Amino acid sequence: MVAMPPIPAELFAPPRVELRRRGDGTLLLGSRDELGPHPVSVAAMLRERAAADPGHPLVAQRGPDGQWMRYGYGESVATADAIGQALLDRGLGPDRPLLVLSGNSVEHLLITLGALTVGVPVIPVSVAYSLLTEHTRVTEIAALVRPGAVFADDGARFGAVLRALRDVPAIVSVNAEPALHATLFGDLASTAVRADVERAFQRITPDSVAKILFTSGSTGSPKGVLNTHRMLCSNQRSIRQAWPFLAERRPVVADWLPWSHTFGGNHNVNLVLANGGTLYIDGGRPTPDGIALTIANVADVRPTVYFSVPAGWARLVPELERDQEFAERFFSRLDLMVNAAAALPAELRRRLDALAWRTTGRRIPVTGAWGATETAPAVTMAHYEFTDARCIGVPLPGAEVKLVPDEDAYEIRVRGPMVTPGYLRAPELTAAAFDEEGFYRSGDAVDLADPADPAAGLLFRSRISEDFKLTTGTFVRVAALRTALLSGAPVLSDAVIVGEHRCRVCALAWLDRTETEALFGADPLTPGEVVEHEELAVYLGARLRELNRGAGSAGRIERLILLGRPPELNAGEITDKGYVNQRRVLARRAAQVEQLYLDVLPPHVILPAR
């Protein structure tokens with residue numbers, strides 16, 4: 001096997017980490033590099049780039065004819081100013097924000113930039129919530145934020161939720177149903193700009209609220225995370241210091257990640273803005289119905305940086321392996337692949353690395369990072385060579401990380417300019433989210449990759465609220481075990497680890513149709529609650545044997561059931577981000593959980609091969 005060369009040195013700044021140890025076992029980590037200066041606001045960041053190169057394309061989206069429609073920086077600033085004036089005319093301001101209900105689009109971006117230009121906070125809500133039959137989540141959010149207006153691209157598609165918000169003035173791009181009394185987006189964009197816009201722009205400070213993003217974790221009512229301009233702008237400065245290649249090569253990004261969440265809406269959109277790049281809006285998704293459009297878009301754009309989450313990579317990798325022409329276009333000018341939101345299974349990372357090398361003959365890093373909605377989002381980043389796929393890197397400039405001992409790992413806490421001041425109208429939640437030194441309590445467990453070398457970074461271990469103990473007292477790190485299972489058995493699309501207050505660890509899992517059909521030549525999924533398939537059982541039994549080899553009780557999966565019915569968004573089993581809600585699945589699939597612990601097992605329970 002030919003040895004691969006190192007990652008090109010010009011891509012990453014070398015990690016410079018300071019580690020301090022306290023007597024109680026707490027560790028403090030930070031970057032030795034100071035955070036550099038950054039713009040006061042997102043709108044100032046946009047204007048700065050527009051002044052330097054007004055004709056450069058900022059955003060592009062396919063039009064009705066299938067061709068890319070591009071909008072330049074200068075044009076975007078002019079439209080944002082007009083929209084900002086229209087919002088001011090309608091009485092919006094710091095205390096009367098803009099609610100956005102639809103998905104990624106040019107209009108969504110421009111109305112967001114217009115609001116940010118004049119100090120109007122933006123609240124993007126997941127499309128998954130907007131299109132549910134019941135609109136309880138959206139109406140709860142609206143009651144909390146008290147919006148001055150609500151925007152949706154399509155008045156017909158989002159008509160039901162707009163009618164549920166009948167007391168909030170509506171703005172739509174198309175299909176303005178008479179009953180909605182909605183204003184057309186085009187009317188806002190053609191508003192004559194007056195001096196009000198500049199005065200409002202000048203009043204914005206780093207501590208002004210730019211966005212309110214909603215997160216509730218696995219349980220509870222929505223929490224409105226305040227995202228200030230300081231958080232968003234400082235975060236982009238710290239990322240650029242870790243990735244110096246951004247200053248030399250403007251990023252070209254093709255992205256499907258939703259703007260209602262911090263990865264897509266803060267990290268990726270603002271990375272393009274901060275570095276004068278171009279964002280191509282991918283109308284596809286890494287799903288059976290959306291992957292074909294994503295492949296077409298990515299192949300056409302040929303991105304320089306590509307972002308996704310583990311589920312997205314799991315869909316994309318088999319397509320790259322099957323289609324050489326697609327692989328050649330995808331990797332042709334790619335500098336970096338970025339995984340976030342959850343640990344990337346090691347096998348997926350290995351396959352990506354091998355694909356890039358085989359296709360181009362050069363190293364294209366697959367890197368990881370860690371952050372949260374409360375941190376705008378990036379706190380740590382792996383801007384260096386690493387081998388363990390769980391690596392989330394080292395603290396970025398400006399971030400102070402505190403590691404507090406928790407069982408066999410550490411809870412990671414963070415303080416710095418990227419951290420939220422708190423939650424909207426929730427002082428109790430805000431107080432509980434910070435410790436006595438002002439560090440944000442993330443609830444995530446990490447460990448040092450190398451206790452003797454802080455520059456080796458951190459390893460993600462788990463979400464502490466999901467971890468549990470067996471009846472033997474053995475502590476189980478759920479995220480690490482789930483990632484190991486998915487990495488060792490690519491036919492599985494996702495899994496839930498079972499075992500709290502039980503004698504052994506087991507799992508419920510779902511099949512990936514594409515991978516399963518590639519291996520077995522047929523779709524084994526059945527309409528029932530569970531899947532029973534002899535060949536699959538033999539295959540997965542062998543995978544479980546390999547997973548369990550040499551592992552203690554906390555690292556073994558003793559029994560597994562394949563679920564035939566996918567997780568349901570309406571039932572809370574899957575979040576609007578597409579992540580499985582472990583505790584909700586266990587509650588709704590209690591019958592299958594009990595089957596894993598029967599003395600006489602049903603035939604669909606899969607055991608490790610002997």
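None of these values were measured; they are calculated from a predicted model.
- Residue pairs satisfying the salt bridge (charged side-chain N to carboxylate O under 4.0 Å, His left out) criterion with at least one member in residues 112-134, sequence neighbours excluded, are absent.
- To the nearest 0.5 angstrom, Trp256 atom CH2 is 13.5 Å from Asn297 atom CG.
- Side-chain contact between Arg249 and Asp335: present, with at least one pair of heavy atoms (C-beta onward) separated by less than 4.5 Å.
- The ring pair (Phe, Tyr, Trp, His ring centres under 6.0 Å) check on Trp370 picks up nothing, with sequence neighbours excluded.
- Residue pairs meeting the salt bridge (charged side-chain N to carboxylate O under 4.0 Å, His left out) criterion with at least one partner in residues 253-262, sequence neighbours excluded, are absent.
- For the ring-ring contact (aromatic ring centres under 6.0 Å, His included) condition, the pairs that include at least one residue of residues 89-116, sequence neighbours left out, are His108-Trp259.
- Residues Leu188 and Ile171 meet the side-chain proximity criterion, which asks for heavy atoms closer than 4.5 Å.
- Legend: residues meeting ring pair (Phe, Tyr, Trp, His ring centres under 6.0 Å) with His267, ordered by chain and number and at least two apart, are Phe263, Phe307.
- The ring-ring contact (aromatic ring centres under 6.0 Å, His included) contacts involving residues 43-69 comprise Trp68-Tyr280, where partners must be two or more places apart or lie in separate chains.
- Residue Arg166 places its CZ atom among 12 or fewer non-hydrogen atoms of other residues, nucleotides or ligands, all under 6.0 Å distant.
- The shortest heavy-atom contact between Leu29 and Pro395 is CB-CG, 3.9 Å.
- When the side chain to side chain contact (heavy atoms under 4.5 Å, CB included) test is applied to Ile295, the partners found at least two apart in sequence or on another chain are Ile291, Glu319, Phe326.
- Tested against Glu437 for a salt bridge (charged side-chain N to carboxylate O under 4.0 Å, His left out), the candidates Arg413, Arg415, Lys402 yield a single pass: Lys402.
- Checked against side chain to side chain donor-acceptor pair (under 3.5 Å), Arg463 has the following partners two or more places apart in sequence or in another chain: Asp444.
- Listed by first and then second residue, the salt bridge (charged side-chain N to carboxylate O under 4.0 Å, His left out) pairs involving residues 228-237 are Asp207-Arg230 (not counting sequence neighbours).
- Partners of Asp196 according to the salt bridge (charged side-chain N to carboxylate O under 4.0 Å, His left out) rule, which considers only residues two or more places apart in sequence or in another chain, are Arg194, Arg199.
- Applying the salt bridge (charged side-chain N to carboxylate O under 4.0 Å, His left out) rule to pairs touching residues 44-61 yields Arg47-Asp81, Arg47-Glu198, Asp53-Arg250, sequence neighbours excluded.
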Are Asn266 and Asn227 close enough, and set up right, to give a side-chain hydrogen bond (donor to acceptor under 3.5 Å, both in side chains), and what steps lead you there? CA-CA 9 Å; Asn266 283 348; Asn227 280 227; 2.9 Å; yes
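- For Ser234, the side chain to side chain contact (heavy atoms under 4.5 Å, CB included) test picks out Leu35, His38, Pro417, Met418, with sequence neighbours left out.
- In this structure, Arg588 pairs ionically with Glu573, as a charged nitrogen and a carboxylate oxygen lie closer than 4.0 Å.
- Of all the heavy atoms in Ala142 and Leu99, the pair that sits closest is CB-CD2, 4.3 Å.
- Nearest heavy atoms, Val414 versus Val419: O-CG2, 3.9 Å.
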